[in-house]
Amino acid sequence: MSALAHRRFLKMHGAGNAILVLDLRGTGHRVAAGEARAIAGDPHSRFDQLMVVHDPASPGTDAFLRIYNTDGSESGACGNGTRCVAYAMLDDPAMARPAESGRLTLETRSGLVEVKRVADRSFTVDMGQPRLAWDEIPLRDPFPDTRRIELQIGPIDDPILHSPAAVSMGNPHAIFFVDRDPDGFDLARIGPMLENHPIFPERANISVAQVTGREAIKLRVWERGAGLTLACGTAACATVVAASRLRMIGRGATVSLPGGDLAIEWRADDHVLMTGPVFLEGEGTLAPELFEPAPP
Ligand SMILES: N[C@@H](CCC[C@H](N)C(=O)O)C(=O)O
């Protein structure tokens, strides 16, 4: 039986983004893509992202995180999930460690993120620096300016969406700015086509954004490997960076997603800060039958 059977998880959400937190410190076990898919497929442990907490890999860090989408793929970043992990590591009695400072340094395969508690159930994450060069996002073609890349969907002379900005926040994002309500776009239909467009060699998270004020953006996101979600923290960060580069806003905005609001600031030192809530819905244990070999 897998080392995961009967393992305890926390069921949380960050602004509606469904997150499972699984503590595998001290086990040496690494979740396989098929295991992640099985966990996501069980209604009892359904998630948008599975955040697996591992022993630290670098000195000075508190944990190494592996981040799984529902299709079993891994991401280098997840803003909402990172806040949930911080809550779990600071407050959950079974996971908690004595960190009076309310601060954590977490490592993912994309780098380090610093998390700071700002209220009982609210955290600010320093998501690091955006990557803006075409080969860092990555894009297939060498676009010298990633504020608007050549990509459109729909009829050639009357596209539904066109010319997105491209940004990496440790994971790839394309943001289509529109001048009407993002709810009016059929993202469930368009999203998969754009996510898998050959211009994105590692696929991409797809956002439709409307700037509604000098410091306000309405956003909907089709997530790579997870589909439509109620919120995506890295998409909110990428959108503020893109809108700022296009002079649509200043350096910060409240980003309103279907599941709630996130406050984003692109600091003068190039770091992007994301502040938002966490919610603990409950806990569970992974069902052993998810990991048993299928009968012959
Ligand atoms: N929901 C997340 C982003 C999750 C990862 C994404 N689907 C990817 O594969 O890049 C967030 O809050 O940032």
Side-chain angles (χ1 to χ4, degrees), residues 11-22 31 33 36-37 40 46-52 65-88 106 108-111 113 115 122-128 130-131 136-139 164 166-175 187-188 191-192 194-197 200-207 209 217 219-242 255-264 266 272-279:
K11 197 164 173 45
M12 301 188 67
H13 75 86
N17 204 183
I19 304 291
L20 281 199
V21 180
L22 182 63
V31 174
R37 282 194 295 273
R46 194 197 76 75
F47 61 79
D48 296 326
Q49 271 79 45
L50 169 65
M51 307 292 293
V52 183
L65 303 183
R66 288 197 182 278
I67 303 162
Y68 296 83
N69 292 309
T70 53
D71 70 354
S73 62
E74 285 190 57
S75 176
C78 175
N80 293 320
T82 302
R83 297 196 312 277
C84 292
V85 168
Y87 170 83
L106 303 170
T108 74
R109 64 182 206 188
S110 290
V113 286
V115 196
S122 177
F123 293 85
T124 295
V125 186
D126 179 343
M127 299 293 294
R131 295 158 214 181
E136 294 175 312
I137 290 166
L139 301 173
V167 175
S168 170
M169 286 305 313
N171 57 351
H173 289 271
I175 306 102
L187 200 49
L194 291 165
E195 172 194 356
N196 293 293
H197 193 284
F200 304 118
E202 294 179 9
R203 302 189 285 160
N205 299 285
I206 306 298
S207 291
I217 297 177
L219 186 67
R220 283 181 69 219
V221 187
W222 172 269
E223 279 196 28
R224 174 178 72 163
L228 277 182
T229 58
L230 293 180
C232 176
T234 48
C237 295
T239 301
V240 165
V241 168
V255 179
S256 300
L257 293 126
D261 288 357
L262 296 173
I264 311 294
W266 186 15
V272 183
L273 304 189
M274 174 203 59
T275 302
V278 298
F279 299 89

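Every number for a ligand or one of its atoms is a count from 1 in the order of the listing. All of these numbers come straight from a predicted model, not from anything done at the bench. Numbers for residues simply follow the sequence, beginning at 1.
Contact between G225 and ligand 1 is absent, with no heavy atom of the residue lying under 4.0 Å from the ligand. Not a single heavy atom of A226 sits under 4.0 Å from any atom of ligand 1. Ligand 1 is approached by N69 to a heavy-atom distance shorter than 4.0 Å.
Between the side chain of S110 and the backbone N or O of G170 there is at least one donor-acceptor pair closer than 3.5 Å. Of the possible polar contacts, none joining the Y68 side chain to the S75 backbone as a donor-acceptor pair under 3.5 Å is found. Side-chain N or O atoms of R224 include one that pairs as donor or acceptor with a backbone N or O of E202 at under 3.5 Å. N17 places no side-chain N or O within 3.5 Å of a backbone atom of H13 that could act as its donor or acceptor partner.
For the pairing with C78, the side-chain contact (heavy atoms from CB on, under 4.5 Å) check across I19, N171, T234, T108 returns one residue only, I19.
Side-chain N/O atoms of Q49 and N69 include a donor and acceptor closer than 3.5 Å. No hydrogens or angles considered: nothing links the side chains of E136 and S168 as a donor-acceptor pair under 3.5 Å. In this model, a donor atom of one side chain and an acceptor atom of the other lie less than 3.5 Å apart for R203 and S73.
In terms of polar-atom proximity, defined here as any N/O pair under 3.5 Å, G79 does make such a contact with ligand 1.
Distances from atom 5 (C) of ligand 1 to the heavy atoms of S75, G81, P172 put S75 nearest. Which of N205, V125, L230 comes nearest to atom 10 (O) of ligand 1 through a heavy atom is settled by distance: it is N205.
Atom 12 (O) of ligand 1 has G233 N, 2.7 Å as its closest protein atom, hydrogens excluded (heavy atom only). Closest to atom 2 (C) of ligand 1, if we only count protein heavy atoms, is C78 SG, 3.2 Å.
With a heavy-atom cut-off of 4.0 Å, M169 does not touch ligand 1 at all. For A77, every heavy-atom contact with ligand 1 shorter than 4.0 Å involves the backbone, none the side chain.
Close approach of ligand 1 to N80 is summarised as follows: ligand atoms under 4.0 Å from at least one heavy atom of the residue are 11 (C), 12 (O). Interface of N17 with ligand 1, defined as ligand atoms under 4.0 Å from a residue heavy atom, comprises 1 (N), 2 (C), 11 (C), 12 (O). The E223 neighbourhood of ligand 1 comprises atoms 1 (N), 2 (C), 3 (C), 4 (C), 6 (C), 7 (N), with distances under 4.0 Å to a heavy atom of that residue. Atom numbering of ligand 1 starts at 1 in the shown order; those under 4.0 Å from a heavy atom of N171 are 5 (C), 6 (C), 8 (C), 10 (O).
Counting heavy atoms from C-beta outward, M127 and L273 have side chains that stay 4.5 Å or more apart.
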